Structures are given as structure tokens and as C-alpha cells.
Amino acid sequence: MPELPEVETVRQTILPSVTGRQIDMISPLTPGVYLSGGLDASGSIITDVRRRGKYLLLDLIPQDGLHGPLIMLVHLRMTGRLLLRERDETPPRHTHLRLRLTRPDQPDNPIWLDFHDTRRFGRVWLLTADPEGRPVGAPGGYDALGPEPLGPEFSAAWLQGLRDKRKNTSLKAFLLDQTVIAGLGNIYADESLFAAKLAPYQSVGTVSDTQFSQLVDAVRQVLADAVSCQGTSLRDYVDGWNRKGRFQDCLMAYGRAGQPCRICGTVMRKMKLAGRTTCWCPDCQSS
DNA sequence: ACCTACCTGTTT
DNA sequence: AAACAGGTAGGT
């Protein structure tokens, strides 16, 4: 489900409700989903919610004075959700972790934050933080993440520097590689290539400097638009208050095979690339 | 770079 | 019954 715009929207929706609250109870409901590594989050105060690629990081300060800062690292994978609740209702099916959160000055006015995941691919890790606020011992992909696409290090120069090493890979596979760009998935890779007017099967080695520059602009534009629409809700995705996004109404490429291109009217096509269904306009994206 | 596995639910 | 779904890790 969630790519950068959806994860960012979840971050923004839960941030004001959880910041400053204390985790006064933590309930793992399904074995294997919450990996605490022997650490204990209960009693910690949540001081911030950050995002890196498709990961969310809840910054925690333990109150026992015995431990340094902790980070609760969350990856929603395909169908994960973080849901705020104002009542202690029975956890719905597929709820795997529940946090009870109170304000230290209002201990009798709790809210709950549930991790819900139909397919159970998602994970929540509890990790220590290093002095720079980075998680220690994060799962494999985290430390290898490439630049944030909406940040300054993501540039045509960065992509050009990868061109030789990755010359034979398709642009689609390139954009899905989290070490190249952190946060794109199947939807926004297709949307970015459409916006850049580049064919998804074009090999990286044949992309010009000008085209890389167009691609950088396209990725930034698409992601910024999708964030401002609070993400794409096709099936499962909702924000922290169980609300759908609106970007599904703005899709130009993803899921549009067989339908007319919204620019030129040509019938959109699809092919399998990097193991994922890929949709493109054979006219606008001819390269 | 490709496969398969991990899961459940929905659509064909 | 089979294919497919927003993702990633592990093996080849």
C-alpha cells in the first residue's frame, strides 16, 4: 500500500496526537510482528514522529533514567495501517500491536495507537538511537536507503553518478530500488515516468543528463502533489484517522492499461518490469 | 537482475 | 481455481 506520500500522510496525521504522550501500555497481539529485541517501550514519552523513505520513526525517551533514547521503527509494507482510536474498543481482526498513550498531566484521558496489517508483511521494531538520532541495528534495507526525493541530495547529478553501474537496468527497476531513491513504489514509479515522458523499459545507460533532470523534476512534482492529496487509496490505504486519500483520482499511468491516455488519448499499455505490473503511454513515453 | 517467499483478501 | 494486490528479504 503505502509509498512515500501515504507514509508521510500517516506521519502528519498521528504527529499532533501522539507527541508528548507516554506509552503506558504496550500490547503485542500477534507473535513476530513486534520485534522489541528485549527492550521495553513502556513508560517512554513520544517526542517526535519522523519519516525516512517508507519507514516511520517514533522517537521515544524512556523515563526510568536507565536507558538512552529509543526509536520505534515501523514499516507498513503492503497493507499496514497505523490507526488512532479514542475509545478502548476491541481490537479489530488483524490488529497486531496496540499502544495506550496518555498525557502525563491527564492520566485518565488515554488514546490508543493500533498497528493493523491484513497481510502481516509489516513490522514494528524497537531499537536504540545513536547520538545523531539514527536507529541502531535497523533491518537491512534501512541503512542502505538512498536520498529522500524531496530533499537536496536527490538530483540529476546523483542519478548520473549511478548510470554506468546500473546501465543495463530498466528505469522502472531503477526507480523502485530504495538505494537509488527512498520511498517510491509501483504507483509513483509509473506516475513519475509518465510525468517525465520516459519509457519504463528504457535502460538507465541510455538516459541523457537532460532526461535525468526531467526525471528528478517529475519525481518531485508527483510526490509533492500526492502528499498534498493525502496519498492514494486504492484498496487498503487510510491515514491515522482512517480517512482515504484523493490522489487515486489524479493517476495518469498506474492501473490505466487499456484506457485512453489522459494527455493524448492513445490506449495505455502494460508490461511486467522488475516483477511489477507497469503501465505507460506508448505515445507520450516513447523516448 | 531475476525468482520465490512471506500473508490475506478480492477479482477474474 | 487461479491470478493479482501498494513491499522487501533472501537465494540463485
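None of the values given here were measured: they were computed from a predicted structure. Reminder, nothing fancy here: chain letters follow the sequence lines and each chain counts from 1. These numbers come from the heavy atoms of this one structure, side chains and all, not from hydrogens, waters or symmetry mates.
- Comparing dA1(B) with dA5(C), their P atoms are spaced 22 Å from each other, to the whole Å.
- The ring of Phe121(A) does not lie on top of the base of dC7(B); it is either too far (5.5 Å or more) or too tilted (30° or more).
- Whole-Å rounding puts the Leu73(A) CG to dT8(C) P distance at 12 Å.
- Under 4.0 angstrom from either OP1 or OP2 of dA5(C) there lies at least one side-chain N or O belonging to Thr277(A).
- Rounded to a whole Å, the CG atom of Asn186(A) is 13 Å from the P atom of dC4(C).
- Side-chain N/O atoms of Gln178(A) include none lying less than 4.0 angstrom from OP1 or OP2 on dG7(C).
- Taking atom NZ of Lys270(A) as the reference point, atom P of dA3(C) lies 13 Å away to the nearest angstrom.
- Regarding Asp117(A), its CG atom lies at a distance of 11 Å from the P atom of dG9(B), rounded to whole Å.
- Taking atom CZ of Arg119(A) as the reference point, atom C1' of dG9(B) lies 8 Å away to the nearest angstrom.
- Note on Val74(A): it clusters hydrophobically with Val33(A), by side-chain heavy-atom contacts below 4.5 Å among ILVMFWY residues.
- Close to dA5(C), at under 4.0 Å from its OP1 or OP2, lies no side-chain N or O of Arg77(A).
- In this structure, of dA5(C), dG7(C), dT8(B), it is dT8(B) that holds the atom nearest to the side chain of Arg93(A).
- Atom NZ in Lys54(A) sits roughly 10 Å away from atom P in dA9(C) (whole-Å rounding).
- Side-chain atoms of Thr118(A) lie closest to dT8(B) of the nucleotides dA1(B), dG7(C), dT8(B).
- Taking 4.0 angstrom as the limit, Arg123(A) places none of its side-chain polar atoms (N or O) nearer than this to OP1 or OP2 of dA9(C).
- Across the protein-nucleic acid pair, Leu234(A) atom CG and dT10(B) atom P stand 15 Å apart, rounded to whole Å.
- Judged by distance alone, the side chain of Glu153(A) and the main-chain N or O of Pro147(A) form no donor-acceptor pair under 3.5 Å.
- Residue Arg276(A) places at least one side-chain N or O closer than 4.0 Å to OP1 or OP2 of dG7(C).
- Of all heavy-atom pairs between Leu73(A) and Pro139(A), the closest is CD2-CD, 3.6 Å.
- A gap of 22 Å separates the P atoms of dA1(C) and dC7(B), to the nearest Å.
- Within the structure, a side-chain polar atom (N or O) of Arg120(A) is placed less than 4.0 Å from OP1 or OP2 of dT8(B).
- Thr277(A) and Lys270(A) form no side-chain donor-acceptor contact under 3.5 Å, judged by distance and modelled atom types alone.
- Remark: dC7(B) base-pairs with no nucleotide; criterion is Watson-Crick or G-U wobble with both hydrogen-bond distances under 3.5 Å.
- Side-chain atoms of Gln230(A) and Arg246(A) form a donor-acceptor pair, as typed in the model, at a separation below 3.5 Å.
- At the phosphate of dG9(B), OP1 or OP2 sits under 4.0 Å from a side-chain N or O atom of His94(A).
- Within the 6.0 Å centre-distance limit, the rings of Trp280(A) and Tyr201(A) are counted as a close aromatic pair.
- Residue Lys272(A) has no polar side-chain atom (N or O) positioned under 4.0 Å from OP1 or OP2 of dC2(B).
- When heavy atoms are screened at a 4.0 angstrom cut-off, Tyr188(A) is found touching no nucleic acid atom at all.
- Note: CD (Glu6(A)) to P (dA5(C)) measures 16 Å, nearest angstrom.
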